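Every value quoted in this text rests on a predicted model; they were computed, and no experiment measured them. Every chain is numbered from 1, with letters handed out A, B, ... down the list of sequences.
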Amino acid sequence: MGLLDTLNKEQRQAASTVEGPLLVIAGAGSGKTRVLTHRIAYLIEEMGVMPWNILAITFTNKAAGEMRERVDKLVEFGAGQVWVATFHSTCVRILRRYIDKIGYDNNFTIYDTDDQKTVMKAVLGYLDLDPKKYKERALMGAVSSAKDELITVEQFERDAAGDYNKSIQAKVYREYQDTLKKNNALDFDDIIVKTVELFRKCPEVLDSYQERFQYIMVDEYQDTNTAQFELVRMLAQKYRNLCVVGDDDQSIYKFRGANIRNILDFEKYFPEAASIKLEQNYRSTRPILDAANAVIRNNTGRKEKALWTGRKGGVNVRLCQFDSAYEEAEYIACNIRQKVEKEGAEYRECAVLYRTNAQARLLEERMLMEGVPYNVVGGTNFYARKEVKDILAYLKTIDSGRDDVAVKRIINVPKRGIGNATLEKAEDFAQLYGIGLFEALERADEITGLSRAVPKIRPFTELIRKLRGEEYRGKVADLIREVVERTGYEEYLGDFDEEGGEDRIGNVDELLTKAAGYEESSEEPSLTGFLEEVALVADIDNVDGDDNRVLLMTLHSAKGLEFSNVILAGMEDGLFPGYMAVNSDDISDLEEERRLAYVGITRAKDELTLTCARMRMIKGETQYNPVSRFVAEIPMELLDREFGPQNRRKGAWVSDDSFVRRNDFGKTFPGDDKARGSAEAWGSDGANGPGSTFGTVRGGSGEAGGNGGTGSGSGMETRPKAIIRPKATVKADKPYIAKGISSLNELAGISKGAAYKAPAAIDYGVGDRVFHVKYGEGTVMHIDREPRDYKVTVEFDKAGQKIMYASFAKLKRV
DNA sequence: TTTTACTTCGTTTTT
DNA sequence: CGAAGTAAAA
């Protein structure tokens, strides 16, 4: 059987064990996707399983896409019938069909974090809770984790009995959920939870899916939460052909409800389960792998495994410490450029990984200055940008009209002179009659005290009604164009664009492109379908390996990827591991950070560089943090300290005796004693200067910071409460970068955003007569060339002078 | 109703 | 340091 010939023994076993539950512990780079795809192929080609009886679940669309592609290549016929999708899109597809059985409309909308926040704010107002005392963020967290654990409102209320705080949360939970229901909306958690609810309430629906999905595979299983586990368990219950693949050492989504017990206890839930370990790594060199192993070894309660590689040679892990984060960024940018220019590396083979998104800014600035092409992954999701969300809110309103959050968002955007007073009256009316906000607005003339606002409201409701017309069905791009056009959205944005520098118009333009792309790729394009697709994409999904750029992203985003050259930036205690984890009294928080470090290290194929800075601005204050404890967990013989030439030239390099002076954490941090051995190798304490100060520098009085001498290493279990917010701030001495660069785009010229496209050609010039759909004929007065578009000034015969963007205006020469 | 100036507060991490 | 929210003014 040739199909599995290219696999090693364990992989082959995993791919061919198809009956019954199977747990595959797949170490980093051990070829798990290979196993999964071959397993699917094996099921179809060797076992005669029908492709549509196979379900493969991933976490990101990107992973799903890649898997689909690889299955396509592997399987001769029918690969397209295999259901490969993310948890969320799988559930949405099911719910679109059956959610009416549990009391929602099938054209429900999906709320993102931003919408959730809006709802939560409204809930706080409604329940008359002091927003100072009850942070919506915290409450959202409480609600979300309840859902992750499949705890219903009723259950939550029962559990809360007697606990004041909990019962407040229970009230909030109930109100929040009611609001969502009223808006016919689901949040991300609901998508899973409601599917489970559906299956529980409608056995016949569950049964039909059990029949459909006779062979189930779950990727990244270590990141599943309780709700997702339950979902999978129910689906697999009948045939029990469930294969889960994951790596407990790469479980990094606890904050999102991931339950590491799902993978650690899999054999408890499925006693008859077979279990296979994949330990051969095909990705990294020895030193990198050894470093990864050395770090992760310090975690407790993991499934013991040791990665090994057949690869020969390899260079040590590089470690560079800098005085400031600016120098760190400079080094990184120069280092990469040098690699490309002198060593023939490719930008696309390099990635800079960091703990927090905030770190991206500095790196980005430097990349621009050094002319290194890059892409930042993550941060604010494209679809979360204001202008994009505005347009989407219009689309949502056109699509369903039951989503009050969307209506509220756009009712006065662009400005229509409809303010709070008007809105409140309309809302009261809506509540009184039990109708949606939009319907209330349509009946504005019935609302007492609104007569004056009616003429302002009318154009809005008319517009929506018109765009709901049959002729726009499925024409998403046209709809967007119409919305932009008829609301004067481009002019509205134009005002912002003048000073801001953020290319908002460009973003709207890009949304238009995405809509057009959707219409093309979808079999039966619909507005609902587009909104759904858009709601469920992550930033990482759009990463395109084809463009030759350095990738900047968080460690979380990097999971599942690999690069020849990896730089882990900001290896500092307090940053990575983050201060939350450092100060937590729950060891598992620190262990999660360590897993993150493990993920980061194992992304590297050939070269790994760790960098850190002694001084760094965080939230407007300068912090002096020691080198990350994870660095100290890497044996010395695997590390090379290195300084780039730029460093030397600028006098930025650090003299040997102040270099990487570690404090003796080992002893003072409970539960972390294993780290100690190697930490001591870094030499004892006693250095001078800020670099050796533990934690944050505190200006002024040294009450808690008085522990400065820190690592005396004596047996005292005095863990300094150091890494907490200092009150006073030490100003950084002059930043490297003149603050004069008004926007990154300006500097970028070419390198911002993936899709830099030249503006489409226009066939008219200054002085020409042109025709516009809405304004009629006019004369072109002026044309400004902008990076993404032409800005055209037209003197219309009837409508007067207008400034518009060529791509939207669709002017025709007459 | 809209704009502006001032205060407060925070970030891990994201489907 | 910024974003975001609030109070006050226009």
Side-chain angles (χ1 to χ4, degrees), chain A residues 57-64 85-92 110-114 116-117 121 131-132 135-138 140-141 144 147-148 186-192 220 223-225 227-228 251-258 325 353-362 377-381 383-384 386 412 415-424 452-453 456 495 535-541 553-559 570 574-584 589-590 592-593 595-597 599-600 616-623 724-725 729 731-732 735 739:
Chain A
I57 301 184
T58 62
F59 269 83
T60 65
N61 296 297
K62 185 162 190 271
T86 65
F87 267 107
H88 292 269
S89 62
T90 299
C91 289
V92 168
I110 297 167
Y111 278 2
D112 65 9
T113 324
D114 213 62
Q116 290 181 58
K117 212 166 130 195
K121 234 180 267 172
K132 288 252 160 61
K135 307 259 181 270
E136 72 227 13
R137 221 182 106 65
M140 278 165 68
S144 177
K147 289 183 182 180
D148 288 342
L186 302 185
D187 64 21
F188 283 123
D189 301 313
D190 282 338
I191 290 173
I192 313 290
E220 305 281 14
D223 288 327
T224 50
N225 63 31
Q228 288 161 335
S251 169
I252 56 174
Y253 282 107
K254 185 174 149 198
F255 71 93
R256 201 169 75 187
L353 311 181
Y354 38 78
R355 182 63 235 271
T356 66
N357 274 312
Q359 290 167 257
R361 223 175 244 152
L362 222 49
V377 179
T380 23
N381 186 321
Y383 294 104
K386 279 188 197 68
N412 201 28
K415 299 250 180 315
R416 295 188 176 85
I418 302 171
N420 245 332
T422 308
L423 192 59
E424 261 169 41
R452 215 155 25 99
K456 295 177 185 163
D495 296 343
L536 297 178
V537 293
D539 215 42
I540 190 74
D541 295 333
M553 66 185 124
T554 62
L555 288 150
H556 281 89
S557 296
K559 187 159 64 102
L575 186 62
F576 185 35
Y579 66 95
M580 289 289 220
V582 169
N583 280 359
S584 165
D589 288 333
L590 193 64
E592 174 131 329
E593 298 277 314
R595 277 181 239 125
L596 204 46
V599 168
R616 181 185 299 272
M617 275 270 238
I618 294 175
K619 287 188 272 186
E621 68 201 16
T622 304
Q623 284 185 210
I724 32 174
R725 308 179 45 125
T729 293
K731 287 269 180 287
K739 200 64 187 105

With a non-hydrogen cut-off below 4.0 angstrom, is [X] in contact with a base, only sugar-phosphate, or nothing?
X	result
A/Glu592	nothing
A/Phe59	sugar-phosphate
A/Asp189	nothing
A/Thr86	nothing
A/Lys117	nothing

(request) If a protein heavy atom is under 4.0 Å from the base, mark B; if only from the sugar-phosphate, S; if neither, -; do that for nucleotides 1-6 of chain B going 5' to 3'. (result) SSS---
(message) Can a donor-acceptor pair be found, under 3.5 Å and without considering hydrogens, that links the side chain of A/Arg416 to the backbone of A/Lys456?
(response) no
Please name the pair of heavy atoms, one in [X] and one in [Y], separated by the smallest distance, quoted to 0.1 Å.
X	Y	value
A/Tyr354	A/Val377	OH-O, 4.5 Å
A/Glu592	A/Phe255	OE2-N, 4.2 Å
A/Asn225	A/Gly257	CB-O, 3.0 Å
A/Asp589	A/Lys254	OD1-NZ, 3.1 Å
A/His556	A/Ile252	NE2-O, 3.0 Å
A/Arg616	A/Ala325	NH1-CB, 3.7 Å

[N] [atom2] sits how many Å from [X] [atom1], rounded?
X	N	atom1	atom2	result
A/Asp223	B/dT13	CG	C1'	12 Å
A/Leu596	B/dT13	CG	P	11 Å
A/Arg616	C/dC1	CZ	P	17 Å
A/Gln228	B/dT14	CD	P	16 Å
A/Leu575	B/dG10	CG	P	19 Å
A/Glu593	B/dT13	CD	P	11 Å
A/Lys254	B/dT14	NZ	P	17 Å
A/Leu353	B/dT13	CG	P	14 Å

(message) Do the side chains of A/Lys147 and A/Asp187 get close enough for a salt bridge, i.e. N-O under 4.0 angstrom?
(response) yes
(message) When you compare the side chains of A/Asp189 and A/Ser144, does any donor N or O come within less than 3.5 Å of an acceptor on the partner?
(response) yes
(message) Could you tell me if A/Gln359 and A/Thr356 have a donor-acceptor pair between their side chains, going purely by distance under 3.5 Å?
(response) yes
(request) Among C/dC1, B/dC9, B/dT11, find the nucleotide with the atom closest to the side chain of A/Arg137. (result) B/dT11
(message) Looking only at the side chain of A/Thr356 (C-beta and beyond, no hydrogens), which of the listed nucleotides B/dT11, C/dA4, B/dT13 gets closest?
(response) B/dT13
Is any side-chain nitrogen or oxygen of [X] closer than 4.0 Å to OP1 or OP2 of [N]?
X	N	value
A/Thr113	B/dT14	no
A/Thr554	B/dT14	yes
A/Lys619	C/dA3	no

(message) Is there aromatic stacking of A/Phe255 on B/dT14 here, judged by a ring-centre distance under 5.5 Å and a plane angle under 30°?
(response) no
(request) Name the residue closer to the 5' end of DNA chain B, choosing between A/Gln116 and A/Ile618 according to the nucleotide with the nearest heavy atom. (result) A/Ile618
(message) Taking only the P atom of each, what is the distance from B/dT13 to C/dA4 in whole angstrom?
(response) 14 Å
(request) Anything below 3.5 Å on both distances counts as a pair; with that, list the stems of at least three consecutive Watson-Crick or G-U pairs involving DNA chain B. (result) B:1-10 with C:1-10
(message) Are the side chains of A/Asp539 and A/Ser557 in contact, using a 4.5 Å heavy-atom criterion?
(response) no
